[in-house]
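Reading through the structure tokens given below for one structure.
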Amino acid sequence: MKEFKGSEIRNIAVVGHGASGKTSLVDALAFVSGASKRHGAVKDGTSLTDTAPEEIERGYSINLGVAHAEWLGTKINLIDTPGFLDFQGDAVAGLAAADGALCVVSANSGVEVGTERMFREAVKRRDPVLFVVSMMDKEHADFDRIYEQVKTRLTSKVIPVEVPLGDGPDFHGVINLFTKKALLFKQGSKSGEFHEVDIPADYRTQFDRYYQELIESISSTDDTLLERYLEGGEIGRDEAIAGMKEAMKRMELFPLFCVSSELNYGVQAVLNTIVELLPNAFEMEEVHAFKGAEGNATVEIHADDTKPFTALVFKTMSEPHVGDVSFFRVFSGCIVNGQEVFNATRDIPEKLNHLSVAQGKERVEVNRLCAGDIGCVAKLKNTHTNDTLSTREHPVRLPQIEFPEPIIELTIISGVGERHLEISLAKLRRKYGVQAQLTRPKIAYRETLKARAEGQGKHKKQTGGRGQFGDCWVRIAPAPRGGGYEFIDKIVGGAIPRQYIPAVDRGIQEASVRGVLAGYPVVDFKVEVFDGSFHTVDSNEQSFKMAGIQAFKSVAPKCKPVLLEPLAEIDVVTPDEYMGDVLGDLSARRGHILGTEAIDSGIAIGGTRVRAIVPEAELHSYAGTLQSMTQGRATFTKRFKGYEEVPHEVAQRVIEGASKEQEEAAVH
Ligand SMILES: Nc1nc2c(ncn2[C@@H]2O[C@H](COP(=O)(O)OP(=O)(O)O)[C@@H](O)[C@H]2O)c(=O)[nH]1
Ligand SMILES: [Mg+2]
């Protein structure tokens, strides 16, 4: 394979809702460019980037996939991403490795939840985005309607640079607004060949309207162009394209295209546009990386072949018969096949044998990879996603990709959605033959004490030969929330011999694992041992540990024990029309609303963010409820917030439930 410089590389993530045509588009781009010899199809299980058994069986992407196209002397690395929200971690990783995104919207289904989510994610990362209306050949395809939806639901800064000739089965060409020409696709051609003709008379009015809109949009982002436009001057193609590229970098314009990946119509135009309008890998902004394995000092990383090698592993995929394959983006420097590198994240050397680039599941071995490129390598010893590969002389750690946090938990597995869990279970079955049954997770209640009390713990046993004797007096008192456990030795005059005091401590800790109310661990209290007695023959460590257990059991119930429950702070982002429902539901879950704020970045159309503290016990299946309440358009994140006392009537139910469980356990 030819070697490409960073200025001849584009790294593009293909994002959007599930089944919007992303995988088919990636396949078509690689095929039409000539880099892939076969036009694969998702429905036959032959697409370039849906290759895992789970993906072929289900017909949708689960993992990100990497392929490439070669066009106009440029290598376009294409990162196909999964659209379902459950697998958005891979979409986030794909965006992190790319410098720009194609946001795919189906001409049929239009803007969907995944489109909103991934477009916002791209904007958040400040990646230029190009919209592609896919499946233009399908029944009920409607370009104008989709354009309107993108404009009202995603961003007012979208602007078509192509207009289709015909929608649905009648889709047969496009008008390119930059060249002011129409392209008529040759029916039955393999890779979307076309004749270039003048704009057909019956499309003239439509052309004028869209052209006007395009030129106005571009001029409004550039003072020189605007002045000329207002004075009635012409704006040439090259100027318009240069203006558009700059505006895209600043997120002031998002061009819109249309294709049919099945027929390969319009695919060449998308390839041209990626080369012309999206930034090359050398235009990457500098990244601040940490020096060394632990250091906090940062160093700037520039896309430059002559600088030390640095790369971030953005995906690790396990492949049958191969093992783990690590995909990485080179941020600076070059690497040659077989070279040793240094994983500063884990402080270990790694060897890059069979350095490759991916074309779907095929890997093409290369001699060298340089700044800005994306490569892969199999069988690293101990390198994982989010690790940085650099050199021993210049070890650095790049900023890590922030993956979405799991929001549902069932026993030991957790994930970002039901579908995510289902796939994890399928993988468990296929790879390890493990059958799992899912049950609802137990809430991690705790108990604590609200008053001080004192008392004795005495352990005495006389069974023939040598007896057991331990005796201690303790004071138990509450500690502040989060204060943990504290043991204070106040023994004077040898009432308990030194060597047995730690045993009292151990006994108390052991007893406090099962609290006095409902058997949950007791937290945040302190214990003073202040008196006791012993027997010269019968006392030993075991006896004093038993005395400690007895002391806790007799004193703790007098300390006003209460139940604590885990709280979560949740952050919901919802379209405004569902605000009332979201707030009402949170209150019904004993939620405490901390605040609401409108989100409006000025680029992506937002919604409202609601922050609330909600007891973990009330959040079971929240993900599903929120989804159905908002047609899947709201999202939430959740993090542990701490423990708080359970209101009396709720506590009563938990305590009754716990004693019932204990009875049942006793019967079985
Ligand atoms: N008619 C038609 N069908 C398409 C086109 N692109 C994709 N599809 C079909 O739409 C479905 C979803 O496509 P896929 O590429 O898997 O979407 P993804 O989930 O976004 O990757 C598949 O059955 C494809 O065959 C197209 O241009 N025309
Ligand atoms: Mg796909």
Side-chain angles (χ1 to χ4, degrees), residues 442-566 642-646 651 654-655 658-659 661-663 665-666:
K442 289 226 165 84
I443 299 296
Y445 291 106
R446 296 285 180 266
E447 298 181 15
T448 195
L449 308 171
K450 292 190 81 180
R452 44 173 63 235
E454 62 177 58
Q456 187 185 22
K458 192 168 175 181
H459 177 71
K460 190 175 171 185
K461 236 178 182 172
Q462 211 66 52
T463 45
R466 191 172 156 184
Q468 296 175 21
F469 185 89
D471 171 27
C472 63
W473 280 82
V474 301
R475 279 186 207 107
I476 299 184
R481 185 81 61 252
Y485 165 78
E486 196 184 350
F487 179 82
I488 305 151
D489 172 8
K490 282 277 173 72
I491 295 293
V492 285
I496 300 175
R498 288 291 100 194
Q499 70 268 32
Y500 299 142
I501 293 175
V504 175
D505 181 6
R506 277 203 302 281
I508 289 171
Q509 291 198 46
E510 200 177 300
S512 70
V513 168
R514 292 191 50 77
V516 292
L517 276 183
Y520 293 103
V522 182
V523 295
D524 303 338
F525 65 100
K526 49 186 181 192
V527 177
E528 273 176 26
V529 54
F530 65 92
D531 203 359
S533 65
F534 69 101
H535 191 282
T536 41
V537 179
D538 294 345
S539 284
N540 56 20
E541 272 186 31
Q542 180 59 20
S543 311
F544 273 96
K545 185 176 142 193
M546 294 306 293
I549 292 175
Q550 298 296 347
F552 183 83
K553 285 190 169 167
S554 69
V555 180
K558 297 189 278 186
C559 297
K560 295 217 176 107
V562 292
L563 201 62
L564 298 177
E565 63 180 342
Y643 277 93
E644 197 158 281
E645 200 176 323
V646 180
V654 176
I655 293 166
S659 64
E661 242 174 51
Q662 278 168 14
E663 278 165 31

Quiz item: Which distance, rounded to the nearest 0.5 Å, do you find between the CG of L563 and the OH of Y445?
Solution: 7.0 Å
What donor-acceptor contacts under 3.5 angstrom involve side-chain atoms of residues 491-504, with partners at least two apart or in another chain?
residue : atom : partner : partner atom : Å
R498    : NH1  : D489    : OD2          : 2.9
Y500    : OH   : S539    : O            : 3.3

Self-check item: Inter-residue atom distance K460.NZ - D471.CG, 0.5 Å rounding
Solution: 10.0 Å
Exercise. Output yes when a side-chain donor or acceptor of E447 lies under 3.5 Å from a complementary backbone atom of L517, and no otherwise.
Key: yes
Practice problem: Take F469 and F544 through the ring pair (Phe, Tyr, Trp, His ring centres under 6.0 Å) test and state the conclusion after the steps. | Solution: CA-CA 7 Å; F469 185 89; F544 273 96; 7.4 Å; no
Self-check item: D524 side chain vs G484 backbone, donor-acceptor pair below 3.5 Å
Solution: yes
Practice problem: Write down the atom of A453, the atom of C559, and the distance for their closest heavy-atom approach. | Solution: CB-SG, 3.7 Å
Exercise. State which residues pass side-chain hydrogen bond (donor to acceptor under 3.5 Å, both in side chains) with E541; sequence neighbours excluded, sorted by chain then number.
Key: R506
Exercise. Using modelled atom types only, decide if a donor and an acceptor are shared between the side chain of T448 and the backbone of P561 within a distance under 3.5 Å.
Key: no
Quiz item: Can you tell me how far NZ of K490 sits from CD of E528, rounded to the nearest 0.5 angstrom?
Solution: 3.5 Å
Practice problem: Walk me through it: do I508 and Y485 pass the test side chain to side chain contact (heavy atoms under 4.5 Å, CB included)? | Solution: CA-CA 10 Å; I508 289 171; Y485 165 78; 3.8 Å; yes
Quiz item: At what distance, to the nearest 0.5 angstrom, does NZ of K545 lie from NE2 of H459?
Solution: 11.0 Å
Quiz item: How about N540 and Q468: does a side-chain donor come under 3.5 Å of a side-chain acceptor?
Solution: no
Quiz item: Are F552 and F525 an aromatic pair by the rule of ring centers under 6.0 Å?
Solution: yes
Quiz item: CD1 of I549 to CD of Q509: how many Å apart, nearest 0.5 Å?
Solution: 11.5 Å
Self-check item: Over 12 foreign heavy atoms within 6.0 Å of CZ, R452
Solution: no
Quiz item: Taking all atoms of both residues into account, what is the closest heavy-atom pair of S554 and Q456, and its distance?
Solution: OG-O, 3.0 Å
Self-check item: Closest heavy-atom pair and its distance - A551, C472
Solution: CB-SG, 3.9 Å
Exercise. Taking all heavy atoms of G455 and all of K558, pick out the closest pair and write down the distance.
Key: CA-NZ, 4.4 Å
Quiz item: Does R481 make a cation-pi contact with Y643 (under 6.0 Å, within 45 degrees of the axis)?
Solution: no
Exercise. Find out whether I488 and V529 are in side-chain contact, i.e. whether some heavy atom of one side chain is under 4.5 Å from a heavy atom of the other.
Key: no
Quiz item: Looking at K450 and E645, does any basic side-chain N land under 4.0 Å from a carboxylate oxygen?
Solution: yes
Quiz item: Looking at F530 and V474, what are the two nearest heavy atoms and their distance?
Solution: CE2-C, 3.6 Å
Quiz prompt | Sole candidate of V513, V654, I443 that passes side-chain contact (heavy atoms from CB on, under 4.5 Å) when paired with Y520 | solution = V654
Quiz item: Looking only at heavy atoms, what is the nearest atom pair of A556 and V516, with distance?
Solution: CB-CG1, 4.1 Å
